[in-house]
Amino acid sequence: METVLYSAELVFEDGEYKLVVKNHRHGTVQVAYVAKKAVEKLPMFLSMLNAKQLSGCS
């Protein structure tokens with residue numbers, strides 16, 4: 001059985017990127033403004049995370 005601990009949304013609003021992270025265990029929400037360069041690098045970061053999982057790193 002899966003239990004969602006956190007969820008995240010990347011929102012573009014009023015010309016800015018916002019990362020909205022919800023903590024489902026504690027019912028809290030955190031917001032961070034993110035630079036466009038960081039948003040553009042998200043696919044690379046996700047690939048790196050997936051590669052670490054596939055290679056057995058924790």
Side-chain angles (χ1 to χ4, degrees):
M1 181 174 137
E2 285 186 6
T3 302
V4 176
L5 302 176
Y6 293 91
S7 60
E9 293 179 336
L10 182 63
V11 179
F12 184 71
E13 181 178 69
D14 298 326
E16 295 184 304
Y17 293 96
K18 276 193 311 192
L19 180 63
V20 181
V21 179
K22 298 177 186 175
N23 181 327
H24 293 274
R25 291 184 70 202
H26 299 287
T28 57
V29 175
Q30 289 183 287
V31 176
Y33 288 88
V34 181
K36 183 179 179 181
K37 284 186 178 186
V39 171
E40 292 169 348
K41 292 181 181 180
L42 278 175
M44 180 192 65
F45 293 142
L46 292 173
S47 292
M48 289 172 54
L49 286 171
N50 284 328
K52 287 183 178 185
Q53 284 182 354
L54 292 175
S55 68
C57 295
S58 52

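For reference, positions follow the sequence shown, starting with 1. Heavy-atom basis, side chains included; hydrogens, waters and symmetry copies ignored.
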Path from Val20 to Phe12 over hydrophobic side-chain contacts below 4.5 Å:
no
Please enumerate all residues that pass salt bridge (Lys or Arg N to Asp or Glu O under 4.0 Å) together with Glu13, with sequence neighbours excluded.
Lys18
How long is the span from the OH atom in Tyr17 to the NZ atom in Lys37, to the nearest 0.5 Å?
13.5 Å
Taking all heavy atoms of Val39 and all of Leu10, pick out the closest pair and write down the distance.
CG1-CD2, 3.7 Å
Please answer: with hydrophobic residues joined when any side-chain heavy atoms are less than 4.5 Å apart, are Phe45 and Val21 in the same cluster?
yes
Name the atoms and distances for all side-chain donor-acceptor pairs under 3.5 Å in residues 22-31, with sequence neighbours left out.
| from | atom 1 | to | atom 2 | distance (Å) |
| --- | --- | --- | --- | --- |
| Asn23 | OD1 | Arg25 | N | 3.0 |
| Asn23 | OD1 | His26 | N | 3.0 |
| His24 | NE2 | Ser7 | OG | 2.8 |

Indicate, with yes or no, if Met44 and Leu19 share a hydrophobic cluster defined by side-chain heavy-atom contacts under 4.5 Å among Ile, Leu, Val, Met, Phe, Trp and Tyr.
yes
CG (Leu46) and NZ (Lys41) are apart, to the nearest 0.5 Å, by 14.0 Å
With the 4.5 Å side-chain cut-off for hydrophobic clustering, are Tyr6 and Leu42 part of the same group?
yes
